[in-house]
Amino acid sequence: MRNPKKILVIGDLILDVFHHGTYIGQSLSHTKTPVALGRSSVYAWGGAGFLVRNMLALGGRVSFISALGGDDFAARANRFEHPRLKKLFLQIPGKPTTVKQRFWTGEKRVLNWHQFDNSPLSGVSARALFARVRAELPSVSKVVIADYRHGLLSPALAKKIVGECVRRRIPLYIDSQISYNHKSNHSWYKGAPLFCLNLKEARSVDPLFNLRKPEVSLARLQKALRAEDIVVKLGAQGSVALIGTEYIKINAHKVRELDATGAGDSFIGSLALGEFPPTRGDLERANIWAALSTTKIGTTIPPLSEFKERIAKHRPRRH
């Protein structure tokens, strides 16, 4: 990609920690606790950070707005550097950095250990975040919001960012998770041009969402969210989308799946680097990249060479 235009990503940075070990038996105590011999620990950006890493791997230029806590994990998370990355992090004293630790023995995940504080930003911090958004908008071609529901964004702040992007006619992609109580916050972002959802998220917005009538269901989501484009990720079933009035179904790409962690971030990371609104080719490439991400354990970026090979195989032949 030559001289790629910069994209602004706003979202919750999660520090992913992957502990790998070998199972050696059970403890001799009456609890019979499984025991593993630790082999390695890997620290990597997850959440919106994994989305950013995907975009950088695919040749993108990124400005990244997020928040870190006031702990030792923040310093570790802040170590990541890249020549095409601009970090615009808020430091929030008194709050922990969002960390998700996963323990593996071989190819089996045996324990998740998380720390986070999902309370909203203070008024001062929220104003500081919005000021950074406004300052960065003149220099970017698109904005992606990756809301992991860890307190970075609030209804008021979401509305202000959407309004600012719409006013400036900057393409805006929304990818927001449902929270632990399975509630959707997609209504915060009504009026944004493009929403990218998985099936659970689609049904949290519209309980009647039905894959037997995907075009009708997508049109309902489009209307409910006042969006121009709706993309629904279906994992092993590919994806469906309503881009304006055009319905697009993309079949899944067969891979040997090891871990689906972060596949949705891989999908939108690729999608946001394409055209706006997305083309069938953009959706095809996003599906391929997301599928390849599941062939690695954790938030590991797949080889770019394999991605290019898959794209070449799916490129229509000229007669």
Side-chain angles (χ1 to χ4, degrees), residues 9-12 14 47-48 50-51 116 118 120 142-166 170-250 252 260-272 276-278 282-283 286-287 290:
V9 174
I10 307 164
D12 302 282
I14 299 170
F50 186 50
L51 163 64
F116 52 78
N118 293 346
K142 298 174 183 175
V143 176
V144 180
I145 292 180
D147 188 354
Y148 270 75
R149 311 293 297 277
H150 287 301
L152 184 74
L153 293 152
S154 64
L157 191 52
K159 185 177 180 180
K160 287 173 71 174
I161 294 173
V162 170
E164 194 71 16
C165 290
V166 170
I170 298 174
L172 173 61
Y173 298 67
I174 303 297
D175 189 8
S176 182
Q177 290 196 345
I178 53 176
S179 63
Y180 285 97
N181 60 11
H182 304 294
K183 288 186 177 180
S184 163
N185 75 335
H186 291 84
S187 62
W188 296 4
Y189 301 101
K190 277 185 179 179
L194 186 147
F195 285 78
C196 190
L197 312 95
N198 62 28
L199 191 55
K200 283 186 178 180
E201 291 159 0
R203 287 176 174 161
S204 71
V205 177
D206 176 14
L208 299 178
F209 189 91
N210 189 336
L211 287 176
R212 285 175 294 183
K213 295 182 178 180
E215 294 177 67
V216 174
S217 293
L218 288 165
R220 259 199 326 270
L221 280 177
Q222 203 176 45
K223 184 177 180 180
L225 296 172
R226 299 203 304 270
E228 299 167 14
D229 310 310
I230 299 288
V231 179
V232 176
K233 303 165 288 186
L234 302 175
Q237 297 179 64
S239 66
V240 291
L242 192 61
I243 307 301
T245 58
E246 181 186 6
Y247 172 69
I248 301 175
K249 169 77 170 75
I250 303 294
T261 301
D265 297 306
S266 299
F267 182 96
I268 196 167
S270 173
L271 191 69
F276 188 85
D282 294 326
L283 290 161
N287 273 267

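From a predicted model like this one, the values you see are computed outputs, not experimental measurements.
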Nearest 0.5 Å please: distance from the [atom1] atom of [X] over to the [atom2] atom of [Y].
| X | Y | atom1 | atom2 | answer |
| --- | --- | --- | --- | --- |
| F209 | L199 | CZ | CG | 6.5 Å |
| L242 | L218 | CG | CG | 5.5 Å |
| L51 | Y148 | CG | OH | 7.5 Å |
| E228 | F195 | CD | CZ | 10.5 Å |
| L221 | H186 | CG | NE2 | 9.0 Å |
| L152 | D12 | CG | CG | 5.0 Å |

- Using the side chain to side chain contact (heavy atoms under 4.5 Å, CB included) rule, pick out the option among S154, P155, S204, S176 that qualifies with N185.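 Per the side chain to side chain contact (heavy atoms under 4.5 Å, CB included) rule, the option paired with N185 is S176, out of S154, P155, S204, S176.
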- Among L283, I268, N198, L197, side chain to side chain contact (heavy atoms under 4.5 Å, CB included) partner for V231: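 That would be L283; it is the only one of L283, I268, N198, L197 passing the side chain to side chain contact (heavy atoms under 4.5 Å, CB included) with V231.
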For the residue pair [X] and [Y], establish whether any side-chain heavy-atom pair is separated by less than 4.5 Å.
| X | Y | value |
| --- | --- | --- |
| I230 | L225 | yes |
| P278 | I243 | yes |
| W188 | V162 | no |
| I178 | K200 | yes |
| Y189 | L153 | yes |
| I14 | F116 | no |
| I161 | I10 | yes |

Which atom names give the shortest non-hydrogen contact between [X] and [Y], and what distance separates them?
| X | Y | value |
| --- | --- | --- |
| A48 | A146 | CB-CB, 3.8 Å |
| Q177 | R149 | O-NH1, 3.0 Å |
| V205 | S184 | CG2-OG, 3.5 Å |
| G238 | A252 | N-CB, 3.5 Å |
| R226 | K190 | NH1-CD, 3.5 Å |
| L172 | A192 | CD2-CB, 3.8 Å |

- Do S217 and N210 get their side chains close enough for a donor-acceptor pair, meaning under 3.5 Å?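 Side-chain D/A pair, S217 to N210: absent.
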Is there a donor-acceptor contact under 3.5 Å from the side chain of [X] to the main chain of [Y]?
| X | Y | answer |
| --- | --- | --- |
| N118 | G151 | no |
| Q222 | T245 | no |
| R220 | E215 | no |

- Task: Would you sort out whether Y173 and C196 count as a side chain to side chain contact (heavy atoms under 4.5 Å, CB included), showing the intermediate values?
- Result: CA-CA 7 Å; Y173 298 67; C196 190; over 6 Å; no
- Task: Count the heavy atoms belonging to other residues, nucleotides or ligands that lie under 6.0 Å from NZ of K249, then report whether that count exceeds 12.
- Result: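 Atom NZ in K249 is packed in, count exceeds 12.
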- Message: Check this for me: does any side-chain nitrogen of one of K233 and D175 sit under 4.0 Å from a carboxylate oxygen of the other?
- Response: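 Yes, K233 and D175 are salt-bridged.
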